[in-house]
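Since the structure comes first, as structure tokens, the remarks are kept for the end.
Since the model is a prediction, treat every value here as computed from it, not as a measurement.
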Amino acid sequence: MELDEFLLSDACDEDTLSLDEAHGFITALVVGPDREGEWLGQVWGEPRFADAAEASRMRDLMQRLYDDVDSMLRSLHFEPLVIEEEDEGEVYESYEGWCFGFMLGVEQHEEQWESLPKEPQALLAPMAQIALLESDDEAEMDEEEYAAWVELIPGAVTGLYQFWHGVEE
């Protein structure tokens, strides 16, 4: 994917989010209490575009990613963007990057997220637990627990969206 290649290229800083992290980050912004503000810089810092055409193309692709997330959430049918990784010849889906990006997005409006009532606050647990695997070298989780948290992600995300935006099913 062109956007993924760009985000991983030398044109972007090492702090640039990967595509799955960017998707999680954008999801938190769309789900959350405040969609306003500059978000592109949070995703890719200050990239060094080859020319104006590349800058325009990459901005368009980023906006399309944002619009896709927004559209999914408006339909109340959400699936996170996950990557496939390989470990000892076995291919598996990895949600850590997406969850890490989501929690970075939550941090953007931390005060508002912290004001969530107890029930919707609990909906952050799947993303927070899996994000720990990305950010804490000592965090561990067995496959069964991991799968149980992953299964909760779509419902948790749509539940948070419904809470923040007053949307009924």
Side-chain angles (χ1 to χ4, degrees), residues 1-74 78-87 91-114 116 123-139 141 146 149-150 152-154 156-158 160-161 164-165:
M1 175 180 237
E2 187 179 2
L3 181 57
D4 187 36
E5 289 173 15
F6 178 76
L7 294 173
L8 296 173
S9 76
D10 290 339
C12 294
D13 300 326
E14 64 182 45
D15 293 337
T16 298
L17 301 181
S18 63
L19 186 59
D20 58 329
E21 291 169 343
H23 191 273
F25 182 87
I26 290 167
T27 301
L29 298 181
V30 173
V31 162
D34 187 3
R35 296 172 165 221
E36 303 303 315
E38 167 58 32
W39 57 273
L40 272 174
Q42 300 295 322
V43 171
W44 64 19
E46 296 184 31
R48 295 165 296 284
F49 299 107
D51 52 34
E54 182 183 54
S56 177
R57 175 82 176 135
M58 291 304 121
R59 282 189 183 94
D60 287 348
L61 289 173
M62 247 338 172
Q63 187 62 50
R64 190 177 314 160
L65 183 64
Y66 185 100
D67 293 344
D68 287 348
V69 168
D70 187 51
S71 178
M72 266 195 294
L73 287 165
R74 286 179 190 272
F78 180 79
E79 291 296 324
L81 177 78
V82 296
I83 59 168
E84 289 185 345
E85 292 192 15
E86 187 177 338
D87 185 27
V91 176
Y92 63 96
E93 290 183 337
S94 174
Y95 290 80
E96 289 94 317
W98 185 89
C99 290
F100 178 76
F102 186 91
M103 295 310 294
L104 284 176
V106 167
E107 286 178 15
Q108 294 300 303
H109 303 284
E110 192 170 0
E111 281 185 29
Q112 291 163 303
W113 281 93
E114 285 178 352
L116 275 171
L123 294 174
L124 285 171
M127 288 73 76
Q129 291 298 317
I130 294 174
L132 282 175
L133 298 173
E134 180 85 1
S135 62
D136 182 352
D137 292 336
E138 295 182 23
M141 189 179 298
Y146 186 85
W149 284 121
V150 164
L152 296 174
I153 291 172
V157 169
T158 55
L160 288 164
Y161 179 81
W164 284 117
H165 299 281

For S9, which residues count as a side-chain contact (heavy atoms from CB on, under 4.5 Å) partner, sequence neighbours excluded? F6, A11
Just to verify, what does L123 make a side-chain contact (heavy atoms from CB on, under 4.5 Å) with, not counting sequence neighbours? A156, L160
For Y66, give me all partners under ring-ring contact (aromatic ring centres under 6.0 Å, His included), at least two apart in sequence or on another chain. W39
Kindly say whether [Y] contributes a backbone atom to a donor-acceptor pair with the side chain of [X] at under 3.5 angstrom?
X	Y	answer
H109	L29	no
T16	D13	yes
H165	V30	yes

Just to verify, what does D20 make a salt bridge (charged side-chain N to carboxylate O under 4.0 Å, His left out) with, not counting sequence neighbours? none
Heavy-atom check, side chain of L104 versus side chain of L17, under 4.5 Å: yes
With sequence neighbours left out, which residue pairs that include part of residues 49-68 fulfil the salt bridge (Lys or Arg N to Asp or Glu O under 4.0 Å) condition? E2-R57
Quick one: which residue pairs count as a salt bridge (Lys or Arg N to Asp or Glu O under 4.0 Å) with a foot in residues 98-114, not counting sequence neighbours? none
Kindly say whether the aromatic ring centers of F49 and W44 come within a distance under 6.0 Å. yes
OH of Y161 to OG1 of T27: how many Å apart, nearest 0.5 Å? 12.0 Å
